[in-house]
Amino acid sequence: MAYLGNSARTKEVLAKFGMSAKKKFGQNFLIDSGVLDGIVSAAGVTDDDCVLEIGPGIGSLTQYLAEAAGKVVAVEIDKTLIPVLADTLSEYDNVTVINEDVLKVDIEEIVRTYNGGRPIKVVANLPYYITTPIIMKLFESGAPIESITVMVQKEVADRMVMGPGNKDYGSLSLAVGYYAKAEAIMDVPPSSFIPQPGVGSAVVRLSRFEEPAVKVGDEKYMFEIIRTSFNQRRKTLSNSLSNNPALKVSRQQVQEALTEMGINEMARGETLSLEQFARLSDILQRTSAMLN
Ligand code: SAM
């Protein structure tokens, strides 16, 4: 079997189909067999697993996944890659390629159709221009997903794994931390791809919790608070939250809530943990409901 995970084969396949990587789809193909092996082993893929791959490209990671997993379902937006994948994956009978935008597919239906509704693993070298929407869709879809092992831009990986007080801590850290345990697996240099991305990359593994990390009365309200706090990072919580009419709270109510929690009333969002945001959300919701 001629694996694609090297520079010579990747160039050969692209030339055979008269193709080049498309920037608008975030195409950077992996050419490093050590990294491909590392992703599959970090994901802990076994032949009992059904894996959802997002953006198979020309099939470099797909080949490794097909060898390790029972079943691979790969969703690729670029229709010109479909005949390429038919060729490079022709030796595997456990791969289904779906030509769709992953942001538009019904993930739950994929899980039902290809794994009888049992939890799947997501493994991908993600298109960097839509990393956050993809991760949020996977979590919010409610589909049974055991883990998400993905290559992302290094800076985004840092944001996923950081806690309060770090400059990279933000709404993505909190959203990921609500749903999953996030671990940095390895850093990957631009030279592991064709074409080379202009940024460093890293592999992260998000292992989904059975229940969200904190209990909160209204998840949506909490995430609106989190988004608002980090959209205006330099402002105090009482200023930023009272400026958002959707939250229906006054400056004074925010200050009182913070005092009740034993937090300085001039605090900024970047100092609060997920637990504290959940508590703040519950208190503010109660007080805003009393006013309205
Ligand atoms: N998996 C391949 C590899 O590792 O060599 C390619 C990874 S490349 C970084 C990202 C892939 O995602 C490309 O094949 C691109 O066409 C695909 N893609 C981009 N946007 C997509 C979307 N909205 N839905 C599905 N696939 C998408």
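Along the sequence shown, residues carry numbers from 1.
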Q.
Heavy-atom count check: over 12 atoms from other residues, nucleotides or ligands less than 6.0 Å from Gln196 CD?
A.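 Check passes, neighbour count above 12.
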Q: Mark yes when over 12 heavy atoms from residues, nucleotides or ligands other than Met261 sit less than 6.0 Å from its CE; otherwise mark no.
A: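 Yes, enclosed.
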Could you check if a side-chain atom of [X] sits within less than 4.5 angstrom of a side-chain atom of [Y], using non-hydrogen atoms only?
| X | Y | result |
| --- | --- | --- |
| Gln253 | Ile283 | no |
| Arg9 | Tyr3 | no |
| Met151 | Val35 | yes |
| Ile107 | Val122 | no |
| Val216 | Tyr178 | yes |
| Met160 | Thr131 | yes |
| Pro195 | Asn28 | yes |
| Val75 | Ile110 | yes |

Q. After noting the C-alpha distance and the side-chain angles of Glu256 and Gln252, does the key distance pass the side-chain hydrogen bond (donor to acceptor under 3.5 Å, both in side chains) rule?
A. CA-CA 6 Å; Glu256 282 170 7; Gln252 192 186 345; 2.9 Å; yes
Value rounded to 0.5 Å, distance of [atom1] in [X] from [atom2] in [Y]:
| X | Y | atom1 | atom2 | value |
| --- | --- | --- | --- | --- |
| Arg251 | Thr236 | CZ | OG1 | 6.0 Å |
| Ser240 | Arg227 | OG | CZ | 13.5 Å |
| Leu52 | Ile98 | CG | CD1 | 8.0 Å |
| Leu247 | Thr228 | CG | OG1 | 4.5 Å |
| Thr149 | Asn125 | OG1 | CG | 12.5 Å |
| Ser171 | Phe230 | OG | CZ | 6.5 Å |

So, does [X] use its side chain to make a donor-acceptor pair with the main chain of [Y] at under 3.5 Å?
| X | Y | result |
| --- | --- | --- |
| Thr259 | Gln255 | yes |
| Asn243 | Asn239 | yes |
| Gln276 | Ser273 | yes |
| Ser173 | Arg159 | yes |
| Glu91 | Gln63 | no |
| Thr10 | Leu4 | yes |

Taking all non-hydrogen atoms of both residues into account, name the closest pair between [X] and [Y] and its distance.
| X | Y | result |
| --- | --- | --- |
| Ala257 | Leu284 | CB-CD2, 3.8 Å |
| Val102 | Lys137 | O-NZ, 3.2 Å |
| Leu237 | Gly269 | CG-N, 3.6 Å |
| Ser242 | Ser250 | CB-C, 3.7 Å |
| Phe29 | Gly57 | CE2-CA, 3.7 Å |
| Tyr169 | Leu174 | OH-CD2, 3.1 Å |

Q | Worked verdict on Ile120 versus Val73 for side chain to side chain contact (heavy atoms under 4.5 Å, CB included) | A | CA-CA 10 Å; Ile120 54 152; Val73 181; over 6 Å; no
Q) Which pairs, with at least one residue in residues 15-33 and sequence neighbours excluded, count as a salt bridge (Lys or Arg N to Asp or Glu O under 4.0 Å)? A)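 Qualifying pairs, neighbours excluded: Lys16-Asp87, Lys22-Asp78.
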Q) Tell me, which pairs form a salt bridge (Lys or Arg N to Asp or Glu O under 4.0 Å) where one or both residues lie in residues 37-61, sequence neighbours left out? A)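 Applying salt bridge (Lys or Arg N to Asp or Glu O under 4.0 Å) to every pair that reaches into residues 37-61, excluding sequence neighbours, yields Asp49-Lys121.
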Shared ILVMFWY cluster between [X] and [Y], side chains joined below 4.5 angstrom?
| X | Y | answer |
| --- | --- | --- |
| Leu172 | Phe209 | no |
| Met266 | Ile225 | no |
| Val199 | Leu30 | yes |
| Tyr129 | Leu126 | yes |

Q) Out of Lys235, Arg233, Lys167, which one pairs with Glu270 under the salt bridge (Lys or Arg N to Asp or Glu O under 4.0 Å) rule? A)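 Per the salt bridge (Lys or Arg N to Asp or Glu O under 4.0 Å) rule, the option paired with Glu270 is Arg233, out of Lys235, Arg233, Lys167.
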Q | Step-by-step side chain to side chain contact (heavy atoms under 4.5 Å, CB included) determination, Phe25 to Leu81 | A | CA-CA 12 Å; Phe25 287 139; Leu81 287 171; over 6 Å; no
Q: Decide yes or no on side chain to side chain contact (heavy atoms under 4.5 Å, CB included) for Leu103 and Ile134, but give the supporting numbers first.
A: CA-CA 7 Å; Leu103 294 178; Ile134 292 176; 3.9 Å; yes
Q | Residues which pass ring pair (Phe, Tyr, Trp, His ring centres under 6.0 Å) with Tyr179, listed by chain and number, not counting sequence neighbours | A |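 With neighbours one apart ignored, the set is Phe139.
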Q. With clusters built from Ile, Leu, Val, Met, Phe, Trp and Tyr whose side-chain heavy atoms come within less than 4.5 Å, directly or transitively, what are the remaining members of the cluster of Ile194, listed by chain and number?
A.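 Members besides Ile194, by chain and number: Ile31.
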Q. Is it true that Asp158 and Lys154 have a side-chain N and a carboxylate O under 4.0 angstrom from each other?
A.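 A salt bridge is present here (some side-chain N lies under 4.0 Å from a carboxylate O).
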Q: Please report the C-alpha distance between Asn244 and Asn231 in whole Å, then the side-chain angles of each, then the deciding distance to 0.1 Å, and finally whether the side chain to side chain contact (heavy atoms under 4.5 Å, CB included) criterion is met.
A: CA-CA 11 Å; Asn244 179 352; Asn231 275 349; over 6 Å; no
(Q) Taking side-chain hydrogen bond (donor to acceptor under 3.5 Å, both in side chains) as the cut-off, I'd like each qualifying pair that reaches into residues 202-212, sequence neighbours left out, listed once. (A)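 Qualifying pairs, neighbours excluded: Glu183-Arg205.
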Q.
Restricting to side-chain hydrogen bond (donor to acceptor under 3.5 Å, both in side chains), what partner residues turn up for Glu100, sequence neighbours left out?
A.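 side-chain hydrogen bond (donor to acceptor under 3.5 Å, both in side chains) list for Glu100, sorted by chain: empty.
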